[in-house]
Number of protein chains: 2
Amino acid sequence: MPTARTIARKKKVAGPRKSAAPAPPDAEQRILDAARRVFIRRGTAGARMQEIADEAGVNQALLHYYYRSKARLAERVFLEAAGRLFAAVVPALTADAPLEELIEQFVHRYIDEVRNSPFIPGYVLAELHHHPERVPALLARATGSEPSRMARAALDGLRGRIAARVKAGTMRPVTPEQFFITLVGSVVFPFAARPILTAFLGMDDAAFDRFLDQRRLELPAFILSALRP
Amino acid sequence: MPTARTIARKKKVAGPRKSAAPAPPDAEQRILDAARRVFIRRGTAGARMQEIADEAGVNQALLHYYYRSKARLAERVFLEAAGRLFAAVVPALTADAPLEELIEQFVHRYIDEVRNSPFIPGYVLAELHHHPERVPALLARATGSEPSRMARAALDGLRGRIAARVKAGTMRPVTPEQFFITLVGSVVFPFAARPILTAFLGMDDAAFDRFLDQRRLELPAFILSALRP
DNA sequence: GTCTATATTGTGATAGAC
DNA sequence: GTCTATCACAATATAGAC
C-alpha cells in the first residue's frame with residue numbers, strides 16, 4: 001500500500017441530544033460500523049473499500065478522508081475486536097474467587113459477551129492465523145504495557161489454586177496450561193467453528209442459540225466434574 | 001474472475017524409477033505443493049499467484065496452464081485440506097468400540113495426524129469463516145454422497161452409547177452435541193489458536209511439541225474423568 | 001511444457017470542485 | 001465534509017514464441 005500522509009482534522013463537538021430516539025450516526029461512525037461488518041465477514045485481505053463505502057452509504061473517497069488507508073482502518077477494527085475478546089477472557093481468569101466460581105463466571109461471561117457478536121472469534125482467529133506478526137502488539141495492548149505479565153499472572157494464579165487443591169486431595173492433578181487451553185477452547189471453539197458445526201449438526205440460528213443456553217449451564221459442570229479427585 | 005475455458009491436456013506417463021532417492025517433483029506437482037503452502041499461509045483472498053509461482057520455481061503462466069484459474073486452484077487446495085481433516089475426525093467417532101477407547105483413539109489419531117501440518121486447522125477454519133457457502137459442498141464431499149448422513153450416524157452412535165451408559169449408571173448425563181463439540185474443540189483449538197496461545201504462554205515450537213505430547217496423554221483422562229458418574 | 005510479453009480488469013488512493 | 005473523476009499500480013489471465 002502507498003505511502004502514508006498526514007491529514008489535519010478536527011473532531012466534531014457533540015451537541016446536546018434533544019430526543020431520546022437513537023440519533024442517525026454521522027458518516028465517520030457509519031463508516032467504522034460498516035468497516036467492522038465487512039472486515040469481520042471478509043477478513044482484511046478479502047475486504048474491499050468499495051463494499052465498506054456502499055454499506056456506509058458514502059463514497060470511497062470519504063473512507064480515506066477519515067481513516068486514510070485500508071491498512072489503518074483494518075488495524076483499528078482488528079485491535080478493537082481482539083481487545084474486546086481479551087477483555088472478556090483475562091479478567092475472569094484473574095479474579096480472586098474459588099476455582100468453581102471462577103470457572104462458572106468465565107464460561108458465563110464469555111458466552112454472554114460474545115453471543116451478541118458471534119462472528120468475532122472466527123474473525124480474530126482467522127486474522128491471527130494469517131497475520132501472526134500482529135500477536136505481540138495485540139498482547140501488549142490487551143494485557144497492559146508489560147507484554148505477558150498478565151498472562152503469567154493468570155497462569156500463576158491458576159497454577160497456585162490447582163496445586164493447592166491437588167495437595168489437599170480435592171482435585172485430580174492437571175497441568176495448568178492444558179487445563180487453561182481446554183477451558184478457553186471449550187467456549188471459543190463453538191463460535192469459531194460455527195459455520196461447519198451448525199451445518200454438521202443441522203442447527204439453524206435459533207438452535208445455535210439454544211445450544212449456547214444449554215452450554216452455559218452444562219459446560220461448567222462438565223469441567224468441574226473432570227477435576228474431581 | 002474471467003470466464004473459464006477448456007484446455008486439452010494429457011497426463012505424463014510415469015516411467016519406472018531407477019533410484020530409491022526421492023525424485024524431484026515435476027512442475028505440476030511443485031505448483032500444487034507451493035499453492036498449498038501459500039494458501040494455508042495467506043488464505044484464498046490474501047494469496048498471490050506470483051508468490052505461488054515463485055515458491056514453485058516457475059512463472060505465472062504455468063499456473064494457469066495447469067490449473068486454469070486462481071479460484072480453481074484455491075478450491076482444490078481447500079477441499080483437499082478440509083477433506084483430510086474430516087477423514088481424521090469422523091471415522092474415529094463412528095468406530096465400533098467402547099466409549100473410553102473411542103475417545104482415546106480420537107484424540108491420538110487427530111493429534112498425530114495434524115501435528116505434521118499444524119496450520120491446516122487454522123487455515124480451514126479461516127476459510128470456512130470467510131466462505132461459509134462452501135460448507136455444504138464440503139460436507140457432501142467429506143461424508144459421502146448423502147450430505148449429513150454420516151454426521152447423523154456419528155451423533156446417533158454417540159447418543160446411543162451415552163444413553164446406555166447413563167441408564168446403567170456408569171456415566172454422568174451429558175448432551176451428545178455438547179460433548180461432541182467439547183471433545184472436538186479440545187483437540188482442534190490448540191492448533192487453530194496456535195499463534196496467540198504460544199505467544200500468550202511463552203511457548204516456542206519445541207515447547208508446543210511437548211505440549212502436544214502431554215495433551216495426547218492428559219486429555220483423554222480429563223474427558224473420561226468428566227464423564228464419571 | 002515452459003517461457004516472455006502483454007492485455008485487462010480490479011482496487012487503493014488522490015485531486016479538486018462544490 | 002462530501003462528492004465525481006481519475007490516477008497508478010497490483011493482480012489475474014491470455015497470446016504466442018520457442
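Numbers restart at 1 for each chain; the letters A, B, ... are given by sequence-line order, proteins then strands. The figures here come from the full heavy-atom set of this structure, side chains too, leaving out hydrogens, waters and symmetry mates. Being a predicted model, the structure only gives us computed values, none of them experimental.
In terms of position along DNA chain C, the nucleotide closest to L62(B) lies nearer the 5' end than the nucleotide closest to the other residue of the pair L62(B) and A61(A).
Contact annotation for A53(B): no contact, since no heavy-atom pair falls under 4.0 Å across all strands. As judged by a 4.0 angstrom heavy-atom cut-off over every strand, A56(A) is placed among residues making no nucleic acid contact.
The distance between atom CD of E28(A) and atom C1' of dT2(D), rounded to the nearest whole Å, is 13 Å. The interatomic distance linking Q60(B) (CD) with dT8(C) (C1') rounds to 14 Å, in whole Å. One atom, CG of D54(B), and another, P of dT12(D), lie 12 Å apart when rounded to the nearest Å. In this structure, M49(B) atom CE and dT14(D) atom P are separated by 10 Å, rounded to whole Å. Rounded to whole angstrom, the span from the CD atom of Q50(A) across to the P atom of dA13(C) amounts to 13 Å. In this structure, the NE2 atom of H64(B) is 6 Å from the P atom of dT14(D), given to the nearest Å. Note: OH (Y67(B)) to C1' (dT12(D)) measures 18 Å, nearest angstrom. In this structure, the CD1 atom of I31(A) is 14 Å from the C1' atom of dA13(C), given to the nearest Å.
Side-chain contact between Y123(B) and F191(B): absent, with no pair of heavy atoms (C-beta onward) separated by less than 4.5 Å. Y67(A) has its side chain within reach of L32(A): a pair of non-hydrogen atoms, C-beta onward, lies under 4.5 Å apart.
With salt bridges taken as basic N to acidic carboxylate O contacts below 4.0 Å, none links D54(A) and R48(A).
Tested against E55(B), the residues R36(B), R37(B), R30(B) include a single side chain to side chain contact (heavy atoms under 4.5 Å, CB included) partner, R37(B).
Residue V58(A) places its side chain closer to dC3(D) than to any other of dA13(D), dC3(D), dG12(C). The side chain of R48(B) lies closest to dT12(D) when the candidates are dT2(D), dG12(C), dT12(D).
Contact between the side-chain N/O atoms of N59(A) and the OP1/OP2 oxygens of dT2(D) is not found at any separation under 4.0 Å. Remark: Y66(A) is in phosphate contact with dG1(D), judged by side-chain N or O atoms under 4.0 Å from OP1 or OP2.
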Report the C-alpha distance between F86(A) and V124(A) in whole Å, list the side-chain angles of each, state the deciding distance to 0.1 Å, and finish with yes or no for side chain to side chain contact (heavy atoms under 4.5 Å, CB included). CA-CA 11 Å; F86(A) 272 66; V124(A) 171; 5.7 Å; no
